[in-house]
2 protein chains.
Amino acid sequence: MSPRIGLDRQMIVQAAAEIADTQGTEAVTLAAVAKKLNIRTPSLYNHVDGLPGLRQLLSLYGLEQMHEKLDAACGGRSGDDAVRALAKAYLEFARTRPGIYELTLRAPDPQQPEVAAAGERLVGLLVRILDDYGLTSEEALHTVRGLRSILHGFASLERVGGFRMPLDLDESFRLLVDSYLAGIRAIRKQGQAT
Amino acid sequence: MSPRIGLDRQMIVQAAAEIADTQGTEAVTLAAVAKKLNIRTPSLYNHVDGLPGLRQLLSLYGLEQMHEKLDAACGGRSGDDAVRALAKAYLEFARTRPGIYELTLRAPDPQQPEVAAAGERLVGLLVRILDDYGLTSEEALHTVRGLRSILHGFASLERVGGFRMPLDLDESFRLLVDSYLAGIRAIRKQGQAT
DNA sequence: TACTATAAACTAATGACATTAGTTTTTCAA
DNA sequence: TTGAAAAACTAATGTCATTAGTTTATAGTA
């Protein structure tokens, strides 16, 4: 029932993830993965549904890894400290694992239940962190969108070399996060009738 | 000195841009561009330095188009109004021309003088807009990084379908921009010794 | 222990691309 | 009118993904 146990899905995803992180997502080809694993390309089809299937698995893997890191980073905290911890962990993840970070956002089929669920878990984490800002649930959702935009925007621009000025990147990031946090408070005060 | 005027660089870039915007950047292949122009693939090499060369041209084209739109959008204004107008135009550009927007950030060689210069012009536009916020030039640069992160982050996440909740996207965007603006002011006040 | 069903690996073949080499065609300038 | 040069073409090669069909190893069973 299970002949030749040499290879399995996880090994393939691992190999592919390593290629993605070290050589970029473009370099993730079935040929490259097969070579890394010392097998012939068609053999991969016994474990994975072609290149799109592999990419989908990578997206899922990335979402899970990311959730793990972020969850660990903010521990039980909430409020500004939690947001700062989360932001730091997010950027660190994007820096450390650029390939799978990118794939996290580009699943071939983002609608697929498993990927969608993993995405929602991640968003849920953010919503929870904002718990004690006293936001309505709608405000919280807008705020999560904003926070995700900030984190992804910075990580992404940094990655593509969009920040060229000789100016400390971590400082820019810290200021960005703090500004947004201050902004949320300011806007909320304004919104509340006194 | 100029035989068979049928084709030229600009037509190629146009055709490629159209493919990028309608079918995604992955669909920009020399084969697809050649087909659209009713020529054979190798003929493109007379005008363009292979696929990487074409991509480079597309990046440059995108940066120029974008600068044009943003510049027009904020006119002579500066301050909050200018930032809001710019933000709106930025998002609109990313929505209208998703393909070249994406390529704008992913030139094969971002160091190449022409592309680098176009990128700097764009950043210069942002710096100018922040003119009358009374920021030091270093603060201004951090702020531009923040603003770009916000704009790109939102546009990018929206594009990949990252915002799934049934919640108005424009409202989220407006809130994000306003929060950041409020945040900048708050942080700056804090920084100044009264 | 030997047998067999089956999963997993393989080889071979096809089709899409990008790219290069080399050829033909067209146009303009002399 | 002619010839040089640019622009288009055909042909060929190599890489990749994918499919079909074959071989092989293993696990469970007789």
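Below, all heavy atoms of this structure are taken into account, side chains as well, without hydrogens, waters or symmetry copies. Numbers restart at 1 for each chain; the letters A, B, ... are given by sequence-line order, proteins then strands.
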Please state whether the phosphate of [N], meaning OP1 or OP2, lies under 4.0 angstrom from any side-chain nitrogen or oxygen of [X].
X        : N       : answer
Ser43(A) : dC10(C) : yes
Tyr45(B) : dT19(C) : yes
His47(A) : dA9(C)  : yes

Write down the distance between [atom1] ([X]) and [atom2] ([N]), rounded to a whole number of angstrom.
X        : N       : atom1 : atom2 : value
Lys35(B) : dA18(C) : NZ    : P     : 13 Å
Leu7(B)  : dT25(C) : CG    : C1'   : 16 Å
Asp8(B)  : dA6(D)  : CG    : P     : 16 Å
Leu51(B) : dG14(D) : CG    : C1'   : 16 Å
Ile12(A) : dA17(D) : CD1   : C1'   : 15 Å
Leu37(A) : dC10(C) : CG    : P     : 11 Å
Ile39(A) : dT11(C) : CD1   : P     : 12 Å
Arg40(A) : dT24(D) : CZ    : P     : 15 Å

May I have all residue pairs that pass salt bridge (Lys or Arg N to Asp or Glu O under 4.0 Å) and include part of residues 150-160 of chain B, sequence neighbours excluded?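 Residue pairs passing salt bridge (Lys or Arg N to Asp or Glu O under 4.0 Å), neighbours aside: Arg95(B)-Glu158(B).
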
Is any side-chain N of the basic residue among Lys88(B) and Glu92(B) closer than 4.0 Å to the acidic one's carboxylate O?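 No salt bridge links Lys88(B) with Glu92(B).
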
Salt bridge or not for Arg121(A) and Asp71(A), using N-O below 4.0 Å?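 Judged by the 4.0 Å cut-off on N to carboxylate O distance, Arg121(A) and Asp71(A) do not form a salt bridge.
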
What are the two closest heavy atoms between Arg164(A) and Pro110(B), and how far apart are they?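 Residues Arg164(A) and Pro110(B), closest heavy atoms: NH2-O, 3.0 Å.
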
Do Tyr101(A) and Asp21(A) have side-chain atoms, one donor and one acceptor, less than 3.5 Å apart?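 Per modelled atom types, Tyr101(A) and Asp21(A) side chains form no pair under 3.5 Å.
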
Distance check, rounded to the nearest 0.5 Å: Leu122(B) atom CG versus Leu63(B) atom CG?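 So the CG of Leu122(B) and the CG of Leu63(B) are separated by 6.5 Å.
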
To the nearest 0.5 Å, what is the distance between CG on Leu181(B) and CG on Asp80(B)?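 Reported to 0.5 Å precision, the distance equals 4.5 Å.
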
Does anything in residues 18-33 of chain B reach DNA chain C, meaning a heavy atom under 4.0 Å, and if so which residues?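 Output list: Thr29(B), Leu30(B), Ala31(B).
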
Do Asn46(B) and dA6(D) have a side chain to base donor-acceptor pair shorter than 3.5 Å?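 Under the 3.5 Å cut-off, the side chain and the base do not form any donor-acceptor pair.
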
